[in-house]
Amino acid sequence: MTSEDDDKVTENLADLGRMNENLAKIEELSQRLVSALSQARNVDPSLQGPGQELYVKAAAAYMGEMVNNPSKIIEHQVAYWGKALKHYVEAQQMLSSGKLAAPSDDLPKDRRFSNELWQTHPYFNYIKQQYQMTAEAVAKTVSEIEGLEPKDKQRLSYFSQQILDMMAPTNFLGTNPDALEKAVATEGQSLVDGLENLVRDIEANRGDLLVTLADKDAFTVGENLGTTEGSVVFRNEMFELVQYTPTTEKVYKTPLVIFPPWINKFYILDLKEKNSLIKWIVDQGYTLFVVSWVNPDQSYADVGLSDYIEKGYLTAIEQVKEITGEKQINALGYCIAGTTLSLTLALMKKRGDTSVKSATFFTTLTDFSDQGEVGVFLDDGFVDGIEAECNKSGILDSYYMSRTFSYLRSNDLIYSPAIRSYMLGEAPPAFDLLYWNGDSTNLPGRMAVEYLRGLCQRNEFADGGFNICGETLNIKEVSVPVCAIACETDHIAAWKTSFNGVKQFGSRSKTFILSESGHIAGIVNPPSKQKYGHYTGGTPKGTPEDWQADASFHKGTWWPTWDQWLRKKSGAKTDARAPGGPKHKVLGPAPGTYVLPK
């Protein structure tokens with residue numbers, strides 16, 4: 001035996017040793033996985049997917065078409081069968097010719113299939129093309145089905161697409177070339193690492209599978225996130241009030257208060273200095289306050305929207321007036337906090353309270369007649385399940401909200417991260433936005449049900465009146481000057497629905513700005529990036545499409561455009577104000593304690 005043979009034997013023994021080690025790890029991890037899965041919570045079936053009623057309606061509509069219009073069904077089937085069979089024949093012909101190559105592929109590009117093998121390898125290309133043709137056939141059939149109400153058809157389309165996305169060949173080890181290549185290259189270590197990541201996520205979520213989107217050890221709120229200098233100047237059971245340290249010698253007299261949504265934490269507006277809207281606002285010369293909402297536990301079960309208004313909005317406004325000595329403030333509400341700000345303004349109108357000089361709304365819905373993509377989760381079955389969960393536990397656990405919003409972008413927020421983590425064995429990236437996305441909060445049970453029933457489902461604020469705080473409030477009672485910023489591809493608060501709500505405000509002065517991009521990226525869009533542009537136009541009236549057609553497009557962010565609007569509502573300049581005051585001692589540094597994980 002030569003020395004070269006000895007080296008090969010040694011190398012093979014080393015490989016065998018690594019493989020045995022990995023097999024032992026897999027056995028250990030498998031035991032942990034079974035143990036972790038046994039801890040999974042019992043979730044109401046109505047919160048897991050559509051009820052049987054939707055399936056029955058869809059089946060009835062499809063059967064009705066088979067009876068009344070069989071030629072249409074046959075046409076669909078024959079077209080699909082023809083494509084599938086033709087592709088099979090082409091693939092067979094390529095192989096019989098002795099070429100290890102794929103047939104022609106003119107199907108639409110899909111970033112899930114970016115590996116070159118999806119195009120060149122006959123096995124992977126065949127699977128990809130068959131999947132894409134099947135997905136196209138299902139989507140076409142659903143889109144052309146008749147006999148369903150528009151809302152039912154929307155839900156059928158959404159959940160059909162969810163099934164198609166779940167069944168993509170990229171989601172399975174045996175049909176994912178990236179995962180197979182890495183498994184071979186690493187002697188199976190990538191699969192062991194992936195299983196380790198899977199077990200870790202299931203253990204961390206008490207038996208539920210939530211993919212970790214970002215490296216949790218890479219960020220600490222208050223250290224490398226939410227670092228703009230400021231102080232907590234007030235605290236009650238609902239919120240901490242953060243006042244930011246001025247960076248200019250003079251500031252506008254009228255202070256600005258930001259009410260962020262309480263579904264996530266406010267530091268989305270202060271991720272880091274270069275993209276911090278909070279820091280940018282302070283640098284423009286505004287006295288800025290931000291409300292940091294408490295993350296409720298079961299003791300908040302009976303907290304409703306009226307508590308958020310009375311103990312949240314109205315209390316914060318009064319505290320800011322006391323601290324600054326001003327009679328009026330400017331207010332800003334983001335998403336659900338914008339919706340509640342509109343309720344607060346209508347209530348203040350009823351009470352004759354003129355404390356708010358102007359209001360800004362970020363991606364806010366006030367008329368829910370068109371619920372957009374989120375509407376698929378607002379049928380009675382789903383909301384009934386949420387109400388039952390709230391009655392049982394007192395809160396709507398952040399798990400449900402996080403999962404719901406993730407499924408609105410399942411390929412980006414579920415399947416792609418799962419492939420990287422569980423199949424490729426990669427560590428989650430150090431990405432601040434994804435870290436924030438995973439740092440969600442609970443909702444008080446009563447508040448969640450009030451919001452979903454009264455506003456989302458029954459649309460009472462825009463249609464008839466919403467009863468709260470002892471008053472019946474109507475959208476037309478919002479009468480202060482308003483500026484609304486919506487985002488063109490927002491999947492949570494559709495811009496056209498936001499536009500239609502603003503159009504109904506009773507304000508004489510209404511400004512509407514449409515940003516490119518989505519719910520977060522369209523808002524957190526600093527001037528330095530020059531990434532997404534925006535549209536400005538006249539007073540919102542007519543149809544959203546007509547408004548956009550007549551609007552002017554501007555390159556870059558809307559921040560300076562809004563600043564020009566806000567400064568006109570902010571009075572003259574005065575000396576910069578240090579945080580706090582004689583009756584408001586500094587309680588601690590920003591970002592406060594409520595924003596920190598429990």
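Note: hydrogens, waters and symmetry copies are ignored here, and every other heavy atom, side chains too, is used. Model, not experiment: these values are computed from the prediction. Each residue takes its place number in the sequence, starting with 1.
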Could you tell me whether the side chain of T339 and the main chain of L365 form a donor-acceptor pair under 3.5 Å? yes

What I want to check is whether the side chains of D165 and Q161 have a donor and an acceptor closer together than 3.5 Å. yes

For a quick check under 3.5 Å, do D370 and N500 share a side-chain donor-acceptor pair by atom type? no

Residue pairs passing the salt bridge (charged side-chain N to carboxylate O under 4.0 Å, His left out) test where at least one lies in residues 406-420, sequence neighbours excluded: R111-D412, E373-R409

Is K496 paired with E545 through a side-chain N to carboxylate O contact shorter than 4.0 Å? yes

Heavy-atom neighbours of K140 NZ exceed 12 at 6.0 Å: no

Set of side-chain hydrogen bond (donor to acceptor under 3.5 Å, both in side chains) partners for S369, sequence neighbours left out: D367

For E426, enumerate each residue passing the side-chain hydrogen bond (donor to acceptor under 3.5 Å, both in side chains) test, keeping only those at least two apart in sequence or located in another chain. none

Using a strict threshold of under 4.0 Å (side-chain N to carboxylate O), is an ion pair present between E460 and R458? yes

Ring centre gap for F461 and F466 strictly below 6.0 Å: no

Show every salt bridge (charged side-chain N to carboxylate O under 4.0 Å, His left out) that has at least one partner inside residues 217-226, sequence neighbours left out. none

Under a 3.5 Å distance rule, please check whether T248 uses its side chain to pair with a backbone N or O of K250 as donor and acceptor. yes

Using side-chain hydrogen bond (donor to acceptor under 3.5 Å, both in side chains) as the criterion, list what pairs up with E136, not counting sequence neighbours. K83

Students often mix this up, so state it plainly: with edges at 30° and 60°, are the rings of F377 and F382 parallel, tilted or perpendicular? tilted

Verdict with supporting geometry, N224 and K272, side-chain contact (heavy atoms from CB on, under 4.5 Å): CA-CA 7 Å; N224 56 2; K272 48 195 172 188; over 6 Å; no

Do we see a donor-acceptor contact under 3.5 Å between the side chains of T170 and R112? no

What residues form a side-chain hydrogen bond (donor to acceptor under 3.5 Å, both in side chains) with K279, not counting sequence neighbours? D283

